[in-house]
Amino acid sequence: AALGSAGNLVATLVTAGGGGNGATAGGDIVLTTTTGTTSNIEVTSVTAVGDQVTLDAVDAVTNTTDDTTAEVTASILLLEAGTGVRLDTDVATIDAFGAGNTVTGTGNIDIDEVSGVTLTELTTFDGNITVDAALGSAGNLVATLVTAGGGDNGDMSSDQAVDGGDVVLTTTTGASNVQAGNVTAAADFIRLAASGAITNTTNDTTADVTADIVYLGAATGVTLDTD
């Protein structure tokens, strides 16, 4: 959409049947806007069960209603946006669509996930990253590569308000772990809160978390390498 002039792509109900490949083949969905600075992708219901959804917006990728009902249901969700991402999801994996940042300009990522999810690559050029997982059922949040750019708010106030360039990763239901592989908010803060444990994906001496300040809260323990 928006091939010749700016305009939003509103996906009220988009469902792809068949497939079950988790890769670009039958049963996948690709939604794109390309022109202007006000060409959002607005999602109400996009479903590719067992397959892949790609959302690539020149402006923002957003939901039409900000609640906890999943707007995107798939095995793999690929994202790229110019000015931010706000979605409720029911997916197994979230990854970057392009070679650069998930959000290429100034803007935040805010994702609410129904169960567990692996963040293969989720990055901002200048913005916060907030992922709340296991909202409906237990499941681990695995942060393979999460990097928030911009900001410089490591001296934030005691209320722990999220302020540009920060990372917040949370699980809320059951024994759902937060597993950190490479989580970075240079000169800013990272907050990890788990209804299960906070652990590293690899038990070595390489830093799993890099930030100015790290806030931790876990029900059953913390194992991390930090910088």
Side-chain angles (χ1 to χ4, degrees), residues 1-2 6-17 27-97 101-119 122-124 127-139 141 146 148 161-164 166-174 176 191 193 195:
N8 295 331
L9 192 167
V10 181
T12 304
L13 178 60
V14 180
T15 302
D28 299 320
I29 296 172
V30 179
L31 304 179
T32 306
T33 61
T34 59
T35 303
T37 57
T38 56
S39 298
N40 302 318
I41 295 176
E42 300 179 7
V43 181
T44 300
S45 178
V46 174
T47 302
V49 175
D51 285 282
Q52 182 171 290
V53 171
T54 301
L55 304 177
D56 179 13
V58 67
D59 195 10
V61 174
T62 185
N63 44 22
T64 54
T65 304
D66 190 18
D67 53 25
T68 58
T69 302
E71 293 95 27
V72 178
T73 301
S75 178
I76 300 171
L77 173 59
L78 302 183
L79 293 170
E80 184 172 342
T83 60
V85 174
R86 186 187 69 200
L87 282 177
D88 303 311
T89 63
D90 186 0
V91 300
T93 301
I94 300 175
D95 201 352
F97 172 62
N101 292 310
T102 310
V103 176
T104 58
T106 300
N108 302 322
I109 296 174
D110 186 356
I111 293 173
D112 292 336
E113 165 61 34
V114 171
S115 57
V117 66
T118 296
L119 309 177
L122 203 62
T123 63
T124 59
N128 304 316
I129 298 174
T130 303
V131 180
D132 297 317
L135 292 174
S137 60
L141 193 169
V146 177
V162 180
D163 199 4
D166 303 315
V167 176
V168 178
L169 304 177
T170 305
T171 59
T172 59
T173 303
S176 300
R191 186 189 307 157
S195 57

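- A donor-acceptor distance shorter than 3.5 angstrom exists from the side chain of N128 to the backbone of D166, with no hydrogens or angles considered.
- For the side chain to side chain contact (heavy atoms under 4.5 Å, CB included) with D110, the qualifying choice from T130, V168, V85 is T130, the only one to do so.
- A74 and V53 make their closest contact through CB-CG2, 3.7 Å (heavy atoms, listed as atom of the first residue, atom of the second, distance).
- Within the 4.5 Å cutoff, the side chain of I94 has heavy atoms near those of the L79 side chain.
- Summarising the geometry of G174 relative to S195, their closest heavy-atom pair is O-OG, 2.7 Å, with the distance given to 0.1 Å.
- Using a 4.5 Å heavy-atom cutoff, the side chains of V117 and V91 are in contact.
- Proximity of Q52 to L78: side-chain heavy atoms (C-beta onward) are separated by under 4.5 Å at one or more points.
- Across all non-hydrogen atoms, the minimal contact from V103 to G107 is CG1-O, 3.8 Å.
- When all heavy atoms of G116 and E113 are compared, the pair lying nearest together is O-OE2, 3.6 Å.
- A heavy-atom distance below 4.5 Å is found between the side chains of L87 and L77.
- Within the 4.5 Å cutoff, no side-chain heavy atoms of D88 are placed close to those of L135.
- Rounding to the nearest 0.5 Å places CZ of R86 at 14.0 Å from CD1 of I109.
- For the side-chain contact (heavy atoms from CB on, under 4.5 Å) test, residues two or more places apart in sequence or in another chain that qualify with T73 are T47, V49, A70, D90.
- With rounding to the nearest 0.5 Å, the separation of OG1 in T54 from CD1 in I41 is 9.5 Å.
- At least one donor-acceptor pair under 3.5 Å links the side chain of N40 to the backbone N or O of A60.
- Side-chain contact between L119 and L169: present, with at least one pair of heavy atoms (C-beta onward) separated by less than 4.5 Å.
- For the 3.5 Å distance criterion, the side chains of T83 and D59 qualify, holding a donor opposite an acceptor.
- For I29 against A16, the heavy-atom pair with the smallest separation is CG1-CB, 3.6 Å.
- In this structure, the side chain of S176 does not engage the main chain of A134 through any donor-acceptor pair within 3.5 Å.
- In this structure, T34 and V58 have side chains that are not in contact, with every pair of non-hydrogen atoms separated by 4.5 Å or more.
- When atom types are taken as modelled, the side chain of E42 and the backbone of T62 share no donor-acceptor pair closer than 3.5 angstrom.
- D67 contributes a side-chain N or O that, together with a main-chain N or O of T69, makes up a donor-acceptor pair within less than 3.5 Å.
- Of the possible donor and acceptor atoms, one in the side chain of T123 sits under 3.5 Å from a partner among the backbone N and O of T102.
- The heavy-atom pair separating A11 from V46 by the smallest distance is CB-CG2, 3.7 Å.
- The CD1 atom of I111 lies 10.0 Å from the CG atom of D132; values are rounded to the nearest 0.5 Å.
- Residue T44 holds its OG1 atom at 9.0 Å from CG of L13, rounded to the nearest 0.5 Å.
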